[in-house]
Amino acid sequence: MARSRSTDPSAPSGKAGRGPAGGAPGRSTGATAVGATPGKAAKAPKAPKLGKDGKPKGSRLAKLKGQAGMMRQAYSLTYKNDPKLPWAMLIAFVVVFAVVELIGVLLSSPLIFLPIAVLLGLLAALIIFGRRAQGSAYRQVEGQPGAASWVLEGMRGDWRVSSGVAGTRELDALHRVLGHPGIVLVGEGNPQRVRGLIAAEKRRMAKVVGDTPIYDVVVGDGEGQVPLKKLSAHVMKLPRNLNGAEVNSLGKRMTALGTQRLPMPGGPLPGGRQMSVSQRQVRRRG
């Protein structure tokens with residue numbers, strides 16, 4: 001007897017009813033995602049590392065590119081104000097290179113001293129570049145309102161600068177610096193008016209600073225004053241009287257004291273708008 005074929009259209013036939021192995025190519029079944037291994041959870045993306053400033057750290061290559069860009073900008077801006085810059089750098093390189101190679105010749109090892117001569121020559125050229133760039137920046141900002149603030153904000157280390165904490169209509173200004181030496185009051189402008197600002201600020205702070213040393217500096221070229229180009233070195237050479245915890249505690253008390261800050265030029269100053277930012281970077285590396 002011949003068997004009759006099933007006429008039920010819902011019945012699977014052939015390979016169609018063999019489950020996942022017989023499914024259409026490229027299709028996933030169940031809860032398994034495409035490309036994922038069954039039984040293993042997908043890894044969550046790693047969070048980017050944060051720097052001290054709370055921002056994501058960039059790659060070293062990106063940092064090098066950024067530093068190289070700042071150096072090019074600093075060179076071009078310095079060259080506009082100092083056309084002799086490339087010649088000074090070339091002379092420094094050649095002199096140092098020749099001296100090192102001469103030592104190598106005397107020791108019968110000129111080839112061994114060749115890379116040392118190149119590296120030292122480049123270092124000498126960079127030192128000359130940094131010093132002339134810094135001098136050019138100082139010449140541009142000297143005598144302008146806010147010049148002392150610009151210098152103070154460019155100092156290396158843990159210095160907390162409050163620009164324009166007091167001033168006069170004649171553009172005399174008083175800046176307050178908090179650091180390991182204690183408190184440094186820096187005034188710029190007319191010496192007599194600046195001395196009055198310093199005395200008033202000392203009286204105002206006496207209630208909260210206690211026995212913390214307070215230094216006062218008047219920027220200028222007169223007797224008992226500190227020239228602008230030596231201001232940074234003068235402040236950084238002051239004795240260390242406070243440790244880090246004491247500086248932080250004093251900073252909180254100074255914040256609670258409050259201050260009515262004057263509108264001071266931030267960063268670049270008139271006459272040195274682009275120079276100030278790039279030159280400050282050069283000075284910090286020096």
Side-chain angles (χ1 to χ4, degrees), residues 58-157 159 161 188 219-221 226-237 265-286:
S59 63
R60 292 184 178 181
L61 182 59
K63 291 182 179 179
L64 290 176
K65 288 182 178 180
Q67 292 177 355
M70 287 189 294
M71 291 294 289
R72 285 195 299 268
Q73 182 186 15
Y75 178 86
S76 61
L77 292 172
T78 306
Y79 177 72
K80 292 179 181 179
N81 299 277
D82 186 6
K84 296 181 180 179
L85 174 64
W87 292 106
M89 295 176 62
L90 179 61
I91 291 173
F93 175 84
V94 171
V95 169
V96 174
F97 180 88
V99 170
V100 176
E101 271 299 284
L102 179 60
I103 296 175
V105 170
L106 294 176
L107 297 178
S108 301
S109 304
L111 295 179
I112 296 178
F113 278 78
L114 181 61
I116 300 176
V118 173
L119 291 176
L120 292 179
L122 291 174
L123 178 61
L126 287 176
I127 292 175
I128 294 297
F129 165 59
R131 290 184 176 180
R132 295 182 78 99
Q134 180 179 350
S136 177
Y138 277 125
R139 287 192 296 272
Q140 289 188 53
V141 302
E142 191 170 9
Q144 299 183 28
S149 171
W150 176 81
V151 173
L152 295 171
E153 292 176 356
M155 293 190 302
R156 297 186 297 269
W159 299 96
V161 181
E188 57 178 332
V219 179
D221 298 323
V226 178
L228 181 65
K229 61 182 179 181
K230 296 182 179 180
L231 175 60
S232 176
H234 178 84
V235 174
M236 295 178 69
K237 287 181 180 179
L269 296 172
R273 289 183 293 271
Q274 295 177 336
M275 179 68 71
S276 54
V277 176
S278 56
Q279 301 306 340
R280 181 161 43 193
Q281 298 291 342
V282 173
R283 185 172 65 256
R284 283 176 176 173
R285 297 191 192 98

Within the 4.5 Å heavy-atom criterion, are [X] and [Y] side-chain neighbours or not?
X	Y	answer
Trp159	Leu152	no
Lys84	Ile91	no
Leu122	Phe97	no
Leu85	Tyr75	yes

What closest approach, in Å, do [X] and [Y] show between heavy atoms, and which atom pair accounts for it?
X	Y	answer
Val96	Gly121	CG1-N, 3.8 Å
Ile128	Met89	CG2-N, 4.3 Å
Glu188	Ser149	OE2-N, 4.0 Å
Ser108	Pro110	C-CD, 3.5 Å

Separation between [atom1] of [X] and [atom2] of [Y], rounded to the nearest 0.5 Å:
X	Y	atom1	atom2	answer
Leu120	Ile127	CG	CD1	9.5 Å
Phe129	Leu126	CZ	CG	8.0 Å
Lys229	Asp221	NZ	CG	8.0 Å
Ser109	Glu101	OG	CD	10.5 Å
Trp150	Leu231	CH2	CG	11.0 Å
Arg72	Met70	CZ	CE	10.5 Å

Taking CD1 in Ile112 as the centre, count heavy atoms belonging to other residues, nucleotides or ligands within less than 6.0 Å. Is the count above 12?
no
